[in-house]
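Position 1 is the first residue of the sequence, and the numbers go up from there.
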Amino acid sequence: ADIDFENLMDEVEDLGKSEKRALLSRLSVLQAHLLKWKFQPERRGSSWEATIKVQRLDLSDLLADNPSLTPFLREEFGHAYQRALALAEGETGLKDKFPTTSPFTIEETLDPNFWPSADTMTR
């Protein structure tokens, strides 16, 4: 009977923000590794593969637990790519090699069977 609804609503809102930040972060890391996978095929290894797989699984779990985040994913896909671009450029030292917009669709990015090859055309 003594529930502080205002405080409870603030906490729920904070949880939603936290989930959105987690989604954006995971999506950025995933896209950065897909870029590295595509543009540095000679450096591919089990660590990159594991990161791609884990980020996809974690994103799938996050979206399954929070289906209301799906529109946010679509809205922020380009923003996440800009973060991924900064990550990939910083980690590889390659500047101006990556496309300014994502060469991957949302569906490809999340598809566990999609692995970009070096010879696929960029969009």
Side-chain angles (χ1 to χ4, degrees):
D2 292 336
I3 296 175
D4 182 352
F5 284 106
E6 187 174 325
N7 202 14
L8 181 61
M9 288 175 52
D10 287 343
E11 287 186 36
V12 169
E13 185 178 321
D14 287 345
L15 282 173
K17 288 177 184 177
S18 176
E19 296 300 321
K20 286 179 177 179
R21 282 191 300 273
L23 185 137
L24 188 60
S25 176
R26 292 190 179 288
L27 185 58
S28 299
V29 170
L30 172 57
Q31 288 186 87
H33 278 75
L34 288 173
L35 280 173
K36 294 189 302 184
W37 190 271
K38 176 177 176 56
F39 289 95
Q40 288 191 303
E42 71 283 355
R43 308 247 356 238
R44 292 176 185 166
S46 58
S47 175
W48 287 2
E49 183 178 352
T51 297
I52 290 168
K53 287 179 179 180
V54 167
Q55 294 303 322
R56 283 176 167 160
L57 288 169
D58 287 348
L59 279 164
S60 178
D61 290 346
L62 187 58
L63 290 169
D65 290 344
N66 303 278
S68 64
L69 289 177
T70 300
F72 178 79
L73 169 77
R74 296 195 177 284
E75 291 167 14
E76 294 298 318
F77 188 75
H79 180 214
Y81 181 74
Q82 294 308 308
R83 293 170 50 125
L85 197 55
L87 277 171
E89 287 178 347
E91 290 177 4
T92 64
L94 301 174
K95 302 289 181 198
D96 302 321
K97 180 168 183 170
F98 303 114
T100 56
T101 59
S102 180
F104 320 115
T105 65
I106 293 172
E107 293 75 20
E108 288 171 335
T109 301
L110 299 177
D111 181 353
N113 297 312
F114 174 75
W115 293 88
S117 63
D119 59 347
T120 54
M121 304 259 316
T122 57
R123 295 182 210 295

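- Looking only at distances, no side-chain donor or acceptor of S102 sits under 3.5 Å from a matching main-chain atom of Y81.
- When all heavy atoms are compared, the tightest approach of P103 to E108 is O-OE1, 4.0 Å.
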Subject >> Worked verdict on E49 versus R44 for salt bridge (charged side-chain N to carboxylate O under 4.0 Å, His left out) >> reply: CA-CA 8 Å; E49 183 178 352; R44 292 176 185 166; over 6 Å; no
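- With rounding to the nearest 0.5 Å, the separation of NZ in K97 from CG in L35 is 11.0 Å.
- How far CG of L110 is from OG1 of T105: 8.5 Å, rounded to the nearest 0.5 Å.
- Note that CD of Q40 is 10.0 Å distant from CD of E91, once rounded to the nearest 0.5 Å.
- What you find for F77 and Q31 is that their closest heavy atoms are CZ-OE1, 3.5 Å.
- F104 and L24 sit in two unconnected hydrophobic clusters of ILVMFWY residues. Membership requires side-chain heavy atoms under 4.5 Å apart, directly or through other members.
- In terms of heavy atoms, D58 sits closest to R26 at OD2-NH1, 2.9 Å.
- The closest side-chain donor-acceptor pair between H79 and Q82, if any, does not fall under 3.5 angstrom.
- Without hydrogens or angle criteria, K38 side chain to S117 main chain gives a donor-acceptor distance under 3.5 Å.
- Ring geometry, W48 versus W37: the interplanar angle falls from 30° to 60°, so the pair is classed tilted.
- When the side chains of ILVMFWY residues are joined at heavy-atom separations under 4.5 Å, either directly or via intervening members, W115 and I106 end up in a single hydrophobic cluster.
- The distance from atom OG of S25 to atom CG of L87, rounded to the nearest 0.5 Å, is 8.5 Å.
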Original post:
Would E76 and L27 satisfy side chain to side chain contact (heavy atoms under 4.5 Å, CB included), going step by step from the backbone distance to the final call?
Top reply: CA-CA 9 Å; E76 294 298 318; L27 185 58; 5.9 Å; no
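- Judged purely by atom type and a 3.5 angstrom limit, Q55 has no side-chain atom pairing as donor or acceptor with the backbone of I52.
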**OP:** Take R74 and E107, measure what salt bridge (charged side-chain N to carboxylate O under 4.0 Å, His left out) needs, and give me the verdict at the end.
**Re:** CA-CA 10 Å; R74 296 195 177 284; E107 293 75 20; 3.4 Å; yes
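- D111 places a side-chain N or O within donor-acceptor distance of the main-chain N or O of N113, the cut-off being under 3.5 Å.
- R56 places a side-chain N or O within donor-acceptor distance of the main-chain N or O of T109, the cut-off being under 3.5 Å.
- Under a hydrophobic clustering in which Ile, Leu, Val, Met, Phe, Trp and Tyr are joined whenever their side-chain heavy atoms come within less than 4.5 Å, directly or via other members, L85 and L34 fall into the same cluster.
- For T51 (side chain) and S47 (main-chain N/O), a donor-acceptor pair under 3.5 Å exists by modelled atom type.
- L57 and L69 are members of different hydrophobic clusters when ILVMFWY side chains are connected at heavy-atom separations under 4.5 Å.
- A 6.0 Å sphere centred on CG of D65 holds more than 12 heavy atoms belonging to other residues, nucleotides or ligands.
- Linking Ile, Leu, Val, Met, Phe, Trp and Tyr whenever their side-chain heavy atoms come within less than 4.5 Å leaves L23 and V54 in two separate clusters.
- A84 approaches S28 most closely through the heavy-atom pair CB-O, 3.2 Å.
- The NZ atom of K53 sits 13.5 Å away from the NE2 atom of H33 when rounded to the nearest 0.5 Å.
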